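Worksheet: the structure to be examined is printed underneath.
Excluded from the calculations below are hydrogen atoms, water molecules and symmetry mates; all remaining heavy atoms, backbone and side chain alike, are included. None of these values were measured; they are calculated from a predicted model.
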2 protein chains.
Amino acid sequence: MPNSSEEIVINKPRRRSRIREAHENSIIRAAEQLFSQNGYHGTALETIAEKAGMSKQNLIYYFSSKEILYQRVLRNILDILIEKMTLMDQLGETPTEILTNYIKSKVEISRHYPDASKVFAIEIINGAPYLKKYLQTHLTPALEDDVKLVEKWMAEGVMDKIDPYHLFFMIWSSTQTYADFSSQVSLSLGKEQLQDKDFDNATEFLTHLVIKGLGMR
Amino acid sequence: MPNSSEEIVINKPRRRSRIREAHENSIIRAAEQLFSQNGYHGTALETIAEKAGMSKQNLIYYFSSKEILYQRVLRNILDILIEKMTLMDQLGETPTEILTNYIKSKVEISRHYPDASKVFAIEIINGAPYLKKYLQTHLTPALEDDVKLVEKWMAEGVMDKIDPYHLFFMIWSSTQTYADFSSQVSLSLGKEQLQDKDFDNATEFLTHLVIKGLGMR
DNA sequence: CTCAGTCATGACCACATGGTAAAATAAGCG
DNA sequence: CGCTTATTTTACCATGTGGTCATGACTGAG
């Protein structure tokens with residue numbers, strides 16, 4: 001139980017000021033967008049600062065180095081991805097429902113966090129220098145669990161016997177493509193930008209393909 | 001009709017010397033690898049030159065600017081991609097055979113040109129600043145033809161009625177992922193590097209999924 | 001009011017890097 | 001050999017940019 005207020009307040013509570021919170025957010029948003037368009041080295045701190053509405057020096061006040069800012073951007077999207085990355089976390093009773101919701105979740109991420117998703121993708125393409133360790137400790141174990149679950153389903157005869165790993169690779173890639181390769185996708189569809197309807201169509205198609213392709217239901 | 005030989009030979013034939021050919025090749029190889037790992041801005045000309053075994057100034061002698069070199073790298077992989085990009089070009093009599101070979105071709109590209117594929121991917125992620133026009137004039141029309149072919153198959157009842165565009169997006173993304181996201185894939189599989197067997201498994205899985213998922217055969 | 005800590009700006013610099021200019025050397029060819 | 005063209009090297013520079021330093025302005029709690 002807390003003591004009387006004036007007691008051992010050695011470390012000042014130093015609450016995150018509202019200004020700091022707001023500015024860090026706008027910096028991260030700006031950084032996501034610029035990093036995703038021009039890459040890490042192709043983006044100048046001054047450009048980010050400008051987009052976030054402040055001076056470069058002020059930006060450095062909030063993020064003491066470019067690398068730290070970059071890692072923060074990566075970390076942000078990773079938290080989102082990890083959270084929805086596991087089959088277990090999906091609502092649904094039957095395997096079909098679970099898989100359906102899994103696909104849906106991943107398309108949603110592409111729809112709502114396209115810039116961050118692109119930064120993540122580039123990082124992976126570059127060989128995941130910053131993320132390798134984190135992926136090993138967080139993503140891989142979660143994937144193992146999911147694989148086991150799928151194998152259980154296969155043993156129970158509710159789906160075809162296939163290589164579960166490649167199933168996940170396929171779902172990851174074909175859902176993320178609506179963020180990462182959106183320029184190619186929208187170009188192919190003859191649109192300036194992807195609409196909600198397009199994401200829905202994607203979800204529907206992928207669900208159909210996976211469920212039927214695995215002989216489920 | 002040509003006159004006697006010594007007359008108007010203003011433009012010398014100037015055949016591509018063997019040295020030039022060889023050096024340009026090694027430069028492009030080095031550039032592919034470095035661009036794919038560090039991006040355009042993250043790669044110094046001097047680093048490329050070093051990897052190609054020559055001085056920076058000599059590299060500039062062969063490629064007069066960094067941008068020109070980059071476009072050449074892009075152009076190279078694009079030519080390969082475009083060549084195999086169309087369903088029409090696939091061998092095979094039946095729709096099933098054609099689709100199977102299509103998937104196989106695309107996985108082969110990921111297997112054999114991983115670096116170039118990554119450079120291409122990053123370019124698309126960045127919004128395809130250099131490629132937009134080229135994609136519009138070359139890729140989109142080819143895709144349209146393929147879509148029409150698939151629609152014909154659907155009309156003939158040999159496959160389920162689905163959105164053909166998303167089918168192609170799915171095939172593109174899930175085959176390219178074995179090049180672009182190879183670091184994540186190999187990490188997930190617990191390997192240092194992908195083996196031939198992994199590519200074969202991927203092909204087999206994707207083929208199964210697509211053929212069965214579309215109700216073909 | 002005041003004053004510590006937060007926020008913001010201007011001046012500046014070290015350094016990497018793309019690119020130029022010119023001179024030197026090697027290769028092909030009559 | 002002698003001459004032209006192709007290749008390579010040496011020296012150099014202009015620019016962009018990440019980051020430091022010192023200083024000033026603002027703000028809220030006591």
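- Between B:Arg20 and D:dT7, a side-chain N or O to OP1/OP2 separation shorter than 4.0 Å is present.
- Using a cutoff of 4.0 Å between basic side-chain nitrogens and carboxylate oxygens, B:Glu24 and B:Arg72 are scored as salt-bridged.
- When B:Asp198, B:Thr175, B:Asp200 are each tested for a side-chain hydrogen bond (donor to acceptor under 3.5 Å, both in side chains) with B:Arg111, only one passes: B:Asp200.
- Note on ring orientation: taking the six-membered ring where Trp is involved, the planes of A:Tyr134 and A:His138 are parallel (angle under 30°, cut-offs 30° and 60°).
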Protein and nucleotides 10-16 of chain D: nitrogen or oxygen contacts under 3.5 angstrom:
residue	atom	partner	partner atom	Å
D:dA11	N6	B:Gln57	NE2	3.3

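- Among residues two or more places apart in sequence or in another chain, the side-chain contact (heavy atoms from CB on, under 4.5 Å) test is passed with A:Leu74 by A:Tyr70, A:Val119, A:Glu123, A:Tyr130, A:Leu131.
- Between B:Tyr61 and the phosphate of D:dT8, there is no side-chain N or O to OP1/OP2 separation shorter than 4.0 Å.
- For the OP1/OP2 pair of C:dT6 and a distance below 4.0 Å, the side-chain nitrogens and oxygens of A:Tyr62 include no atom meeting the criterion.
- Residue-to-nucleotide proximity on DNA chain D shows that, of A:Tyr40 and B:Asn58, the 5′-proximal contact is made by B:Asn58.
- If you measure from atom CD of A:Glu21 to atom C1' of C:dC7, you get 16 Å, rounded to the nearest angstrom.
- Using a 4.0 Å heavy-atom criterion, one finds that B:Leu45 contacts the sugar-phosphate atoms exclusively.
- Distances shown here put a side-chain N or O of B:His23 below 4.0 Å from the OP1 or OP2 atom of D:dT8.
- The residue A:Thr47 sits apart from the nucleic acid: no heavy atom pair falls under 4.0 Å.
- A heavy-atom distance below 4.5 Å is not found between the side chains of A:Val73 and A:Asp115.
- C:dC29 atom P lies 11 Å from atom CZ of B:Arg18, rounded to whole Å.
- Here the two rings, on B:Phe35 and B:His41, have centers that are 6.0 Å apart or farther.
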